Amino acid sequence: MPVARPEQQQPRVIAHVDMDCFYVQVEQRRNPALRGQPTAVVQYNDWKGGGLIAVSYEARGFGVKRSMRGDEAKRVCPGINLVQVPVARDKADLNLYRSAGSEVVAILASKGKCERASIDEVYLDLTDAAKEMLLQAPPDSPEEIFMEAAKSNILGLPSDASEKEKNVRAWLCRSDADYQDKLLACGAIIVAQLRVRVLEETQFTCSAGIAHNKMLAKLVSGMHKPAQQTVVPSSSVQDFLASLPVKKMKQLGGKLGSSLQDDLGVETIGDLLSFTKEKLQEQYGVNTGTWLWKIARGISGEEVEDRLLPKSHGCGKTFPGPKALKNSTSVKGWLDQLCDELSERIQSDLNQNKRIAQTLTLHARASKENERDLAKKFPSKSCPLRYGTGKIQEDAMKLFESGLQDFLESQNTGWIITSLSVTASKIFDIPSGTSSILRYIKGHSPAASPAIPDSSSVPEDPSLGDVP
DNA sequence: CTTGGTAACTTCC
DNA sequence: TGGAAGTTA
Ligand SMILES: Nc1ccn([C@H]2C[C@H](O)[C@@H](COP(=O)(O)OP(=O)(O)OP(=O)(O)O)O2)c(=O)n1
Ligand SMILES: [Mg+2]
């Protein structure tokens with residue numbers, strides 16, 4: 001459940017940047033013949049044509065949706081191009097899209113604090129850069145406004161006026177604006193410049209929201225797409241939130257949002273304003289209650305983290321219906337494949353970023369043989385992560401066996417496995433100073449933190465496996 | 001195979 | 001802690 005953060009008083013300039021139909025753009029760069037065509041990315045295609053995971057704007061015009069099957073997409077859009085996700089080790093391999101995401105992050109990180117929020121989204125804290133611009137080169141002449149910035153959408157300005165771009169240019173250099181709006185205008189110009197650089201250097205378009213906090217920036221980055229940006233002046237916030245359906249707010253898309261609707265009769269964020277902080281805290285606990293009270297007022301103190309890399313690496317696969325795994329031999333085969341991929345990815349992370357993962361976790365889903373929805377709780381298990389593909393495979397299989405024992409203690413019939421995943425987490429930078437290295441070794445050597453609990457075999461080698 | 005599949009993040013206890 | 005649950009891409 002969401003938690004409120006204390007908010008600083010100084011105005012910040014925050015942007016949320018979200019790539020347009022990202023995987024499709026990655027495939028369109030690989031095969032330019034797909035540009036401008038109705039296109040979707042599908043993974044696998046043997047069952048009903050595969051599942052769509054990204055859809056171009058041309059295809060959306062035909063009603064094609066993510067989560068449609070390939071067959072269904074062909075039905076509503078016979079001319080659609082379906083591009084398959086690469087497959088390696090008999091599973092989807094998303095590395096192409098991860099690399100493309102990193103290209104974008106490298107550019108967006110150049111102007112201030114940057115947080116990788118997902119494979120295709122980042123938050124930027126542009127406060128310092130905006131202040132700098134306001135001091136050194138404030139926008140003052142409508143004609144000289146950077147062209148991409150002049151195409152911004154400004155919440156609260158009429159969006160259908162024939163004079164729209166003129167109004168935007170005027171807003172961006174208003175000399176009678178308050179300080180916050182001036183900072184926001186500078187932020188919009190900086191974001192426009194960054195978006196142009198992303199396009200020039202990667203060939204990818206993106207959209208963005210610019211506001212005084214992450215919540216508002218995120219809400220509007222998707223309002224005008226593709227290849228557009230939207231600004232949220234403080235003066236527009238109240239009206240904007242008043243009519244916003246609760247389910248559109250980040251964190252309210254699931255059970256909490258449904259509870260607001262069903263239990264409190266709240267349909268829009270504005271409806272939340274009629275509840276006291278105490279009432280919301282009573283209903284949802286002090287943390288979530290406070291958070292709800294604040295977001296209803298447009299308040300969000302969450303900071304942009306300075307983090308360009310993911311905090312964990314995982315790989316998994318589902319085995320639906322007839323594909324379910326029915327014995328330890330097939331589980332081992334698949335775990336070996338998953339661990340092979342994971343090992344490669346954490347090894348790259350070590351080589352390229354000098355980061356080490358400390359924990360290996362196995363997740364699985366199981367059912368009773370012949371029964372489809374019952375008895376699904378297969379316990380997740382974790383252990384210290386030892387580098388080297390063979391070690392990871394061995395440890396993951398032990399984790400599985402340990403989980404299977406627990407599982408069988410309650411559900412004692414034939415089992416089937418319907419999904420498996422392995423995750424490497426607790427990833428740290430390798431310290432670079434001599435004394436920190438000593439401290440690091442003392443705290444993290446196998447002797448100090450023994451390997452698999454509850455297992456008969458003893459890990460032998462503290463070395464890092466295939467590190468160069 | 002009845003909101004897909006593969007990933008990643010946060011919070012709670 | 002580790003493990004479960006929830007939310008989102
Ligand atoms: N359920 C999902 C949602 C997204 N993605 C992947 C494919 C998307 O291309 C990428 C980014 O997700 P977005 O929600 O940002 O969607 P798009 O970037 O495809 O489109 P948009 O232009 O609406 O942002 O993440 C996925 O694999 N599964
Ligand atoms: Mg996107």
Side-chain angles (χ1 to χ4, degrees), chain A residues 1-5 16 18-19 21-23 40-54 65-73 84-89 91-95 97-98 101 115-123 218 221-222 247-259 284-288 291 302 305 307 309-324 338 341-342 345 358-365 367 372-373 376-384 399 402-403 406 418-427 449 453-454:
Chain A
M1 258 151 137
V3 168
R5 297 289 172 216
H16 179 257
D18 185 321
M19 306 308 293
C21 55
F22 186 48
Y23 292 9
V41 174
V42 296
Q43 60 191 351
Y44 315 124
N45 67 355
D46 54 325
W47 191 69
K48 302 190 176 180
L52 273 57
I53 58 177
K65 293 283 207 315
R66 169 156 46 225
S67 92
M68 276 182 176
R69 302 286 170 184
D71 293 351
E72 202 181 350
Q84 283 180 250
V85 171
V87 170
R89 303 174 186 84
K91 67 177 285 300
D93 179 349
L94 304 182
N95 283 330
Y97 312 113
R98 289 190 184 96
E115 174 181 334
R116 175 199 193 274
S118 81
I119 198 167
D120 91 321
E121 289 171 281
V122 310
Y123 289 96
K218 162 87 181 166
S221 65
K247 289 277 199 176
K248 301 265 198 228
M249 175 74 59
K250 186 163 184 265
Q251 302 296 313
L252 299 183
K255 297 186 177 184
L256 180 56
S258 298
S259 164
Y284 294 109
V286 57
N287 286 342
T288 300
W291 179 83
E302 192 190 339
E305 305 281 312
R307 186 174 55 76
L309 298 170
K311 290 181 163 179
S312 64
H313 299 289
C315 46
K317 181 160 181 63
T318 58
F319 307 95
K323 294 224 170 72
L338 295 171
E341 181 187 327
L342 185 66
R345 285 167 51 198
Q358 292 199 337
T359 302
L360 176 70
T361 305
L362 175 129
H363 292 267
R365 282 167 71 90
S367 302
R372 57 217 187 288
D373 214 50
K376 277 225 254 248
K377 295 280 101 92
F378 194 97
S380 67
K381 296 279 168 184
S382 57
C383 71
L399 292 174
S402 162
D406 294 3
T418 55
S419 88
L420 284 175
S421 75
V422 287
T423 300
S425 62
K426 299 191 170 58
I427 303 179
S449 54
D454 173 349

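Here the structure is a predicted model, which is why all the values come from computation and not from measurement. The sequence lines fix the lettering, A, B, ..., with proteins before strands; numbering per chain opens at 1.
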Exercise. Which nucleotide in the set B:dC12, B:dA8, B:dC1 lies at the smallest distance from any side-chain heavy atom of A:Ser312?
Worked result: B:dA8
Problem set entry | Atom pair distance, as rounded to whole Å: CD in A:Glu302 and P in B:dT11 | 8 Å
Exercise. Checking all strands, does A:Lys218 fall into the base, sugar-phosphate, or nothing category for heavy-atom contacts under 4.0 angstrom?
Worked result: sugar-phosphate
Exercise. Using the P atom in both, what is the distance from B:dT10 to B:dG5, to the nearest Å?
Worked result: 26 Å
Problem set entry | Short side-chain N/O contact from A:Lys311 to OP1 or OP2 of B:dT10, under 4.0 Å | yes
Exercise. Rounding to the closest angstrom, what is the interatomic distance between B:dA7 and B:dT2 at atom C1'?
Worked result: 24 Å
Problem set entry | Distance, rounded to the nearest Å, where A:Asp120 contributes CG and B:dA7 contributes P | 16 Å
Problem set entry | Span of DNA chain C in contact with chain A (heavy atoms, under 4.0 Å) | C:dG2 to C:dA9
Exercise. Between NZ of A:Lys250 and CG of A:Leu252, what distance do you get to the nearest 0.5 Å?
Worked result: 11.0 Å
Exercise. Which residues pass the side-chain hydrogen bond (donor to acceptor under 3.5 Å, both in side chains) test with A:Gln84, sequence neighbours left out?
Worked result: A:Asn45
For this session: Using a heavy-atom cut-off of under 4.0 Å over every strand shown, decide if A:Met19 touches base, sugar-phosphate, or nothing.
Result: nothing
Exercise. Roughly, in whole Å, what's the span from NE2 in A:His363 to P in B:dT6?
Worked result: 15 Å
Exercise. Looking at B:dG5, B:dA7, B:dT2, which one has an atom nearest to any side-chain atom of A:Trp47?
Worked result: B:dT2
Seminar exercise, completed: In whole angstroms, the gap separating P of B:dT11 from CG of A:Leu256 amounts to 14 Å
Exercise. Nearest nucleotide by nearest heavy atom, which residue falls closer to the 5' end of DNA chain B, A:Pro322 or A:Ala92?
Worked result: A:Pro322
Exercise. Which nucleotide in the set B:dA7, B:dC12, B:dA8 lies at the smallest distance from any side-chain heavy atom of A:Val3?
Worked result: B:dC12
For this session: Please report, rounded to the nearest Å, how far the P atom of B:dG5 is from the CD1 atom of A:Ile53.
Result: 12 Å
Exercise. Counting side-chain heavy atoms from CB outward, which of B:dG5, B:dC1, B:dA8 is closest to A:Gln43?
Worked result: B:dG5
For this session: Identify, between A:Glu121 and A:Met1, the residue whose nearest nucleotide on DNA chain C lies closer to the 5' end.
Result: A:Met1
Exercise. Do A:Thr318 and A:Arg365 have side-chain heavy atoms sitting under 4.5 Å apart?
Worked result: no
Exercise. What are the two closest heavy atoms between A:Thr418 and A:Ala324, and how far apart are they?
Worked result: CG2-CB, 4.3 Å
For this session: Identify whether the distance between the nearest side-chain nitrogen and carboxylate oxygen of A:Lys218 and A:Glu121 falls below 4.0 Å.
Result: yes
Problem set entry | B:dG5 OP1/OP2 closer than 4.0 Å to side-chain N/O of A:Lys323 | no
Seminar exercise, completed: Applying salt bridge (Lys or Arg N to Asp or Glu O under 4.0 Å) to A:Glu305 and not counting sequence neighbours gives none
For this session: Please check the phosphate of B:dA7 (OP1 and OP2 only) for any side-chain N or O of A:Arg98 closer than 4.0 Å.
Result: yes
Exercise. At under 4.0 Å, does any side-chain N or O of A:Asn287 touch on OP1 or OP2 of B:dT11?
Worked result: no
Exercise. Is there a donor in the side chain of A:Lys247 and an acceptor in the side chain of A:Ser258, or the other way round, less than 3.5 Å apart?
Worked result: yes
For this session: Classify the nucleic acid contact of A:Lys48 as base, sugar-phosphate or nothing, counting any heavy atom under 4.0 Å across all strands shown.
Result: nothing
For this session: Provide, to the nearest angstrom, the distance between the CZ atom belonging to A:Phe22 and the P atom belonging to B:dA8.
Result: 14 Å
Exercise. For A:Arg5 and B:dT10, is the shortest distance between a side-chain N/O and OP1 or OP2 below 4.0 Å?
Worked result: no
Exercise. With a 4.0 Å cut-off on heavy atoms, is A:Glu341 in touch with a base, just the backbone sugar-phosphate, or nothing at all?
Worked result: sugar-phosphate
Exercise. Do A:Thr361 and A:Ser312 come within less than 4.5 Å of each other through their side chains, counting heavy atoms only?
Worked result: no
Exercise. Are any of A:Arg307's side-chain N or O atoms less than 4.0 Å away from OP1 or OP2 of B:dC9?
Worked result: yes
For this session: Specify the separation, in whole Å, of atom CG of A:Asp71 and atom C1' of B:dC1.
Result: 13 Å
Exercise. What nucleic acid atoms does A:Pro379 come within less than 4.0 Å of, heavy atoms only: base, sugar-phosphate, or nothing?
Worked result: sugar-phosphate
Problem set entry | Whichever of A:Gly316 and A:Met68 has its nearest DNA chain B nucleotide further upstream toward 5' | A:Met68
Problem set entry | Atom pair distance, as rounded to whole Å: CG in A:Leu362 and P in B:dA7 | 14 Å
Exercise. What is the nucleic acid contact for A:Gly321, judged by heavy atoms within less than 4.0 Å: base, sugar-phosphate only, or nothing?
Worked result: sugar-phosphate
For this session: Provide the distance between the two C1' atoms, one in C:dG6 and one in B:dT3, to the nearest whole Å.
Result: 16 Å
For this session: Go through the steps for A:His313 and A:Ile427 under the test side chain to side chain contact (heavy atoms under 4.5 Å, CB included), then give the verdict.
Result: CA-CA 9 Å; A:His313 299 289; A:Ile427 303 179; 3.6 Å; yes
